[in-house]
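Please read all numbers here as calculations on a predicted model, not as lab measurements.
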Amino acid sequence: LTDVNTDQQDKGQQISLHIDRSAASRLGVTQALIDSTLNDAFGQRQVSVIYTPLNQYHIVMGVAPEYAQNSEALKNIYLSVPGGTKVPLAAFSSYRQTGRALSVNHQDQFPTATVSFNLASGISLSTAKQAVNQALDKLALPTSIHGSFQGTAKEFEKTVKNQPWLIVAALIAIYIVLGILYESYIHPLTIISTLPSAGFGAILALLAFDTEFSIIALIGVILLIGIVKKNAIMMIDFAISAERTDGLSPDEAIRKACQLRFRPIMMTTFGALLAAVPLAFGSGYGSELLQPLGITVIGGLLSSQLLTLYTTPVIYLYLDRFQNWCGKRLNPNIKPPITKESL
C-alpha cells in the first residue's frame, strides 16, 4: 500500500480533568458539586431572562472571557462546601492537555475512523484487500470494533461476490430463449455445452499472460457466451430443420450440418478473433484497460473452436437419444418420427 492516510491525524486540543474521588470525599466535595461548579464556570448555562417592553435578554452565567482562554483558569476555581468553606479545585484534581478529533464521522449510526490508501505499482486490489485483512487479524481487535471496505474496494468486493450469479443468470436467459426458439428442453443444453471450453480457454490465456481476472475480463467472458454459442446454433439450427423438413435421421442431419456450416463458423470465429487482437496487443492510451478483454476473447475462441467442432455433434446425438428415451418412458404408445430410413 502507498499514500496511507486517515481522518484521525488532524486533532484538536482539549483539557482532560482527572478527579481524585478519595481526596474530594475527605474534603466534603461531591461529584455533583464539581459538575455544577464547572458547568457554571464554562458551560454557558442560562440562569435567567430579563424582560423589557421591547425586548428580552438571556442571562448566561460564566467566568469572564479572559479567564477561560487557557487551562490555568482551573487553578482559580473554588468550590463552596457545607459550612461556608471554600476548597480549591486543584486540591483534589489534576489536568493535562490531550488530543481530540475535530469531528466524529458516522456510518450507519456508528462512529467510524477511515483509513485510505493507494495501490503500489503492479499490485492488484484483491492482493491489497488480502493484505489488509491479514493485518486486521494480527491486531486481534475487540469484538466491538468492526472493519469493512468502502469506496472502490467495497465495489470490488461486491462485484467478486456477484460474478457467479451474473454468469448463472446469463446462462438461464440463454436457455429460456433457445428453448422457446427450438421448442425443446434438450437442444438448448447442446448449445450451452460449448461454453465451458470457452471459459477454460479464457482462464488459461489470462494465466499465460499473467493478467488478473478483472471486471473487464468478466465482460470478456460474458461476450464469449454470445460469440461461442453461435457455432453450436449454426449446426443445431440446421440439423433440427433438416430433421423436421427433410425427414433426415439425427446422424445424417448433424453430419450434413457440420459439412455445410463449417465455412461460416470459421469465418465468424476468425472475424471475432482478429478483431480482438488489437485489444490484446495494443499499446495506445488506455490499452492496459482493454488487454484483459482481448486476451479473454482470443483464448476462449481458440479453445472453443478446437473442441466444439468435434464435441457438439456428439452431444447433439446423445441428447437426442436421451430425449427419445425419455419420451418412450413417459408415453410408451408414442410412435417414432418418420425418416427416410424408416420409409
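With hydrophobic clusters built from ILVMFWY side chains whose heavy atoms lie under 4.5 angstrom apart, Leu317 shares a cluster with Leu319. Linking ILVMFWY residues whenever their side-chain heavy atoms come closer than 4.5 Å, directly or via other members, leaves Val314 and Ile236 in distinct clusters. Two different hydrophobic clusters hold Tyr318 and Ile254 under the rule that ILVMFWY side chains link at heavy-atom gaps under 4.5 Å. Note on Met235 and Met266: same hydrophobic cluster, where clusters join Ile, Leu, Val, Met, Phe, Trp and Tyr whose side-chain heavy atoms are under 4.5 Å apart, directly or indirectly.
With hydrogens and angles disregarded, no donor-acceptor distance shorter than 3.5 Å links the side chain of Gln56 to the backbone of Thr52. With hydrogens and angles disregarded, no donor-acceptor distance shorter than 3.5 Å links the side chain of His146 to the backbone of Ser144.
Side-chain contact check for Tyr78 versus Thr37: every heavy-atom pair is 4.5 Å or farther apart. You'll find the side chain of Leu309 reaches within 4.5 Å of the side chain of Ile265, heavy atoms only. Side-chain contact check for Ile19 versus Gln31: some heavy-atom pair is nearer than 4.5 Å. Looking at Leu119 and Phe117, their side chains come closer than 4.5 Å, going by heavy atoms from C-beta outward. Between Thr114 and Thr6 there is no side-chain heavy-atom pair separated by less than 4.5 Å. Within the 4.5 Å cutoff, the side chain of Thr296 has no heavy atoms near those of the Leu293 side chain. Counting heavy atoms from C-beta outward, Pro264 and Met234 have side chains that approach closer than 4.5 Å. Taking 4.5 Å as the limit, every side-chain heavy atom of Phe209 sits out of range of all side-chain heavy atoms of Ile298.
Atoms OH and CG, on Tyr185 and Leu178 in that order, are 14.5 Å from each other to the nearest 0.5 Å. Atom CG in Leu89 sits 10.5 Å away from atom CG in Asn76 (nearest 0.5 Å). Atoms CZ and CG, from Phe270 and Leu301 in turn, are 9.5 Å apart once rounded to the nearest 0.5 Å. Separation of atoms CD1 (Ile145) and CG (Leu136) is listed at 10.5 Å; rounding is to 0.5 Å. The distance from the OG atom of Ser241 to the CG atom of Asp246 is 6.5 Å, given to the nearest 0.5 Å.
Residue Leu204 is found in a hydrophobic cluster whose other members, listed by chain and number, are Phe200; membership requires side-chain heavy atoms under 4.5 Å apart, directly or through intermediates. Cluster note: Ile180 groups with Val168, Ile172, Ile176 through ILVMFWY side-chain heavy atoms spaced under 4.5 Å, whether in direct contact or through intervening members.
Other residues, nucleotides and ligands contribute more than 12 heavy atoms inside 6.0 Å of the CD atom of Gln150. Residue-environment remark: CZ (Phe238) exceeds the threshold of 12 foreign heavy atoms within 6.0 Å. A 6.0 Å sphere centred on CZ of Arg21 holds no more than 12 heavy atoms belonging to other residues, nucleotides or ligands.
Pairs of residues two or more places apart, or lying in two chains, never qualify as salt bridge (charged side-chain N to carboxylate O under 4.0 Å, His left out) while including a residue from residues 217-237. The salt bridge (charged side-chain N to carboxylate O under 4.0 Å, His left out) contacts involving residues 24-49 comprise Asp40-Arg45, where partners must be two or more places apart or lie in separate chains. For residues 255-273, the set of pairs meeting the salt bridge (charged side-chain N to carboxylate O under 4.0 Å, His left out) definition, not counting sequence neighbours, is empty. Listed by first then second residue, pairs satisfying side chain to side chain donor-acceptor pair (under 3.5 Å) with a partner in residues 305-317 read Asn231-Gln305, Glu243-Tyr316, Thr269-Gln305, not counting sequence neighbours.
Remark: the Thr194 side chain and the Ser304 side chain contain no N/O donor-acceptor pair separated by less than 3.5 Å. Side-chain contact annotation: Gln107 with Thr112, donor-acceptor N/O pair under 3.5 Å absent.
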Next item on the list: Please assess Phe92 against Leu79 for the test side-chain contact (heavy atoms from CB on, under 4.5 Å), listing each intermediate value before the final yes or no.
Entry: CA-CA 11 Å; Phe92 54 86; Leu79 295 88; 3.9 Å; yes

